[in-house]
Amino acid sequence: MPLAAAHAQDSGTLAKIKSSGSITFGYRESSFGFSYLDANLKPVGYSIDICNRIVDAVKTELKMPGIETRYQAVTSANRIPLVANGTVDIECGSTTNLVERQKQVAFSPDIFRYNVRMLVKADSGIRSIADLQGRTVVTTTGTTSFRLLREADKGKNLEVTNLAGKDHTESFLLVENGRAQAFVLDDILLAGQVANARSPKDFVITGESLRTENQSLMFRKDDPEFKALVDRVVGGMMKSGEMERLYNRWFMSPIPPKNININYPLNAETKDAFANPSSKGI
């Protein structure tokens with residue numbers, strides 16, 4: 001084995017897990033459906049379940065049935081640094097696989113694809129990007145949403161005020177209390193916020209798609225051994241139908257803590273992701 005390969009195995013994620021006896025998940029506190037806290041403040045969701053399957057494979061690979069799972073909350077702003085510096089071994093959240101991010105981290109095959117749109121109050125009269133002229137738009141710190149709005153043809157010349165929420169729930173509250181007129185984000189995450197609102201019928205998700213994005217699990221780059229294991233597990237779940245069953249559990253069924261159904265049917269883009277696993281990014 002070449003020295004570089006030997007060094008990679010000594011310093012990779014699997015070696016780190018083997019020596020520490022634990023793996024650290026990064027989780028989001030309010031990415032409903034994907035990664036959020038239940039009534040007991042335990043991280044749950046679609047992304048967490050997929051990560052749990054990966055841990056099962058790690059236990060088998062390392063012949064260590066007793067590996068402990070630890071949890072580290074992450075935000076849009078700190079998730080990449082915490083993966084890159086080794087604090088988090090795998091981020092089980094709601095992160096877009098962007099080619100520019102691949103300079104710092106690596107990604108699993110896409111586990112979800114969706115469109116970036118906007119959430120507004122149903123009675124606001126806002127139905128398209130052009131309607132945002134002179135309005136206040138909130139985006140969550142560390143997301144690509146405001147840049148995408150600015151890059152859209154109809155967004156280039158808009159005069160809008162941008163507010164930043166520290167997480168998706170805070171951003172949603174700024175629309176709910178009238179401080180912002182629109183919240184731009186992945187439509188599936190917006191659907192989770194609406195489902196959890198006091199009065200879901202007061203809000204609509206509307207407007208042109210700013211981009212189709214792809215969500216993936218994130219881990220350290222330059223670790224081919226761990227990437228191969230993640231790809232094998234995720235690809236296998238897609239092939240066996242387990243991924244679609246998990247999808248239906250979290251996005252088409254009542255989920256904790258309030259037994260709310262996000263009710264976001266499997267779209268054509270995600271069906272394609274399951275049929276043709278890819279981590280190439282956008």
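Please read these numbers as outputs of a predicted model, since none were measured by experiment.
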Partners passing side chain to side chain contact (heavy atoms under 4.5 Å, CB included) against D123 (at least two apart in sequence or in another chain):
K121
Beyond-backbone contact of S31 with Y36, side-chain heavy atoms, under 4.5 angstrom
no
Side-chain H-bond candidate by donor/acceptor type, N97 with E213, under 3.5 Å:
no
Given the rule that I, L, V, M, F, W and Y join up when any side-chain heavy atoms are under 4.5 Å apart, are F25 and M237 in one cluster?
yes
Those residues at least two apart in sequence (or on a different chain) that pass ring-ring contact (aromatic ring centres under 6.0 Å, His included) with F219 are F226
Disulfide bond (SG atoms under 2.5 Å apart) pairs touching residues 116-232, sequence neighbours excluded, are none
Any side-chain heavy atom of V116 sitting closer than 4.5 Å to one from L185?
no
Residue pair H168 / S30, side-chain donor-acceptor N/O under 3.5 Å
no
Salt-bridge test for E100 and R147: reply yes if a basic N is under 4.0 Å from a carboxylate O, no otherwise.
yes
Can you list every disulfide bond (SG atoms under 2.5 Å apart) pair that touches residues 188-282, not counting sequence neighbours?
none
Same apolar cluster: F183 and V160, side chain cutoff 4.5 Å:
no
Hey, what else clusters with I282 if you join Ile, Leu, Val, Met, Phe, Trp, Tyr whenever side-chain heavy atoms sit under 4.5 Å?
L98
NZ (K221) with more than 12 external heavy atoms under 6.0 Å:
yes
So, for I17 and M64, which heavy atoms are closest and what is the spacing to 0.1 Å?
O-CE, 4.3 Å
Spacing of CG belonging to L163 relative to OG belonging to S171, to within rounding of 0.5 Å:
9.0 Å
If you measure from the Lys or Arg side-chain nitrogens to the Asp or Glu carboxylate oxygens, is any gap between D223 and R220 under 4.0 Å?
no
Drop me the distance from N162's CG to F146's CZ, to the nearest 0.5 angstrom.
4.0 Å
Worked verdict on D167 versus T169 for side chain to side chain donor-acceptor pair (under 3.5 Å):
CA-CA 6 Å; D167 59 27; T169 297; 4.5 Å; no
Under a 3.5 Å distance rule, please check whether D272 uses its side chain to pair with a backbone N or O of A268 as donor and acceptor.
no
Pair listing, disulfide bond (SG atoms under 2.5 Å apart) test, anchored in residues 15-55, at least two apart:
C51-C92
Which residues pass the side chain to side chain contact (heavy atoms under 4.5 Å, CB included) test with K258, sequence neighbours left out?
N196, I260
How close do T206 and I126 get, counting heavy atoms only, and between which atoms?
CG2-O, 3.6 Å
Should the heavy atoms of other residues, nucleotides or ligands under 6.0 Å from CG of N259 be counted, would the total exceed 12?
yes
Going by ring pair (Phe, Tyr, Trp, His ring centres under 6.0 Å), F34 matches just one of F112, Y114, W250. Which one?
F112
Taking all non-hydrogen atoms of both residues, which atom of R79 and which atom of T95 are closest, and how far apart?
NH1-OG1, 3.2 Å
CG of D153 to CG of L210, rounded to nearest 0.5 Å, is 11.0 Å
When rounded to the nearest 0.5 angstrom, what distance separates CZ in R117 from OG in S209?
7.5 Å
Heavy-atom distance under 4.5 Å between the side chains of Q181 and V175, does that happen here?
no
Here the pair of heavy atoms bringing R101 nearest to T96 is NH1-O, 2.9 Å
Could you check whether any side-chain heavy atom of L190 comes within less than 4.5 Å of a side-chain heavy atom of F203, counting everything from C-beta outward?
no
Is there a side-chain contact between R113 and K271 in this structure, where contact means two heavy atoms from C-beta onward sitting under 4.5 Å apart?
no
Counting C-beta onward and ignoring hydrogens, is there a side-chain heavy-atom pair between R179 and L173 closer than 4.5 Å?
no
Please find the pair of heavy atoms, one from D110 and one from S216, that lie closest to each other, and give the distance.
OD1-OG, 3.1 Å
In terms of heavy-atom contacts, K280 and Q102 come closest through O-NE2, 3.0 Å
Does the side chain of S279 pick up a donor-acceptor pair with the side chain of K227 at under 3.5 Å?
yes
Are I129 and L149 close enough that some pair of their side-chain heavy atoms sits under 4.5 Å apart?
yes
Flag yes if F32 and V74 sit in one hydrophobic cluster, no otherwise; membership is Ile, Leu, Val, Met, Phe, Trp, Tyr, and two members link when side-chain heavy atoms are under 4.5 Å apart.
no
Suppose the criterion is salt bridge (Lys or Arg N to Asp or Glu O under 4.0 Å): which pairs have a residue in residues 34-50, not counting sequence neighbours?
D49-R249
Per the salt bridge (Lys or Arg N to Asp or Glu O under 4.0 Å) rule, what does the pair list look like for residues 182-202, sequence neighbours excluded?
E176-R198
Side chains of M238 and P277: does their closest heavy-atom pair fall under 4.5 Å?
yes
Side chain to side chain contact (heavy atoms under 4.5 Å, CB included) partners of M252, counting only residues at least two apart
Y247, N248, N263, P265
How many angstroms lie between atom CD of E151 and atom NZ of K156, to the nearest 0.5 angstrom?
7.5 Å
Donor + acceptor pair across side chains of N52, D56 (<3.5 Å):
no
Can a salt bridge be assigned to the pair E242 and R53 using a cut-off of 4.0 Å between side-chain N and carboxylate O?
yes
Would you compute the distance between atom CZ of R232 and atom CD1 of I54 and round it to the nearest 0.5 angstrom?
10.5 Å
Are V234 and L14 joined in one hydrophobic group, where the rule is that I, L, V, M, F, W and Y side chains link up if heavy atoms are under 4.5 Å apart?
yes
Residue pair D89 / T13, side-chain donor-acceptor N/O under 3.5 Å
no
Between S35 and S47, is the side chain to side chain donor-acceptor pair (under 3.5 Å) condition met? List the steps.
CA-CA 6 Å; S35 181; S47 302; 5.8 Å; no
Would you say Y264 ends up clustered with V184 if hydrophobic residues are merged whenever their side chains have heavy atoms under 4.5 Å apart, either directly or through other cluster members?
no
Only pairs at least two apart or in different chains count here, so list each side-chain hydrogen bond (donor to acceptor under 3.5 Å, both in side chains) that has a residue in residues 64-74.
E68-R70
Per the disulfide bond (SG atoms under 2.5 Å apart) rule, what does the pair list look like for residues 124-159, sequence neighbours excluded?
none
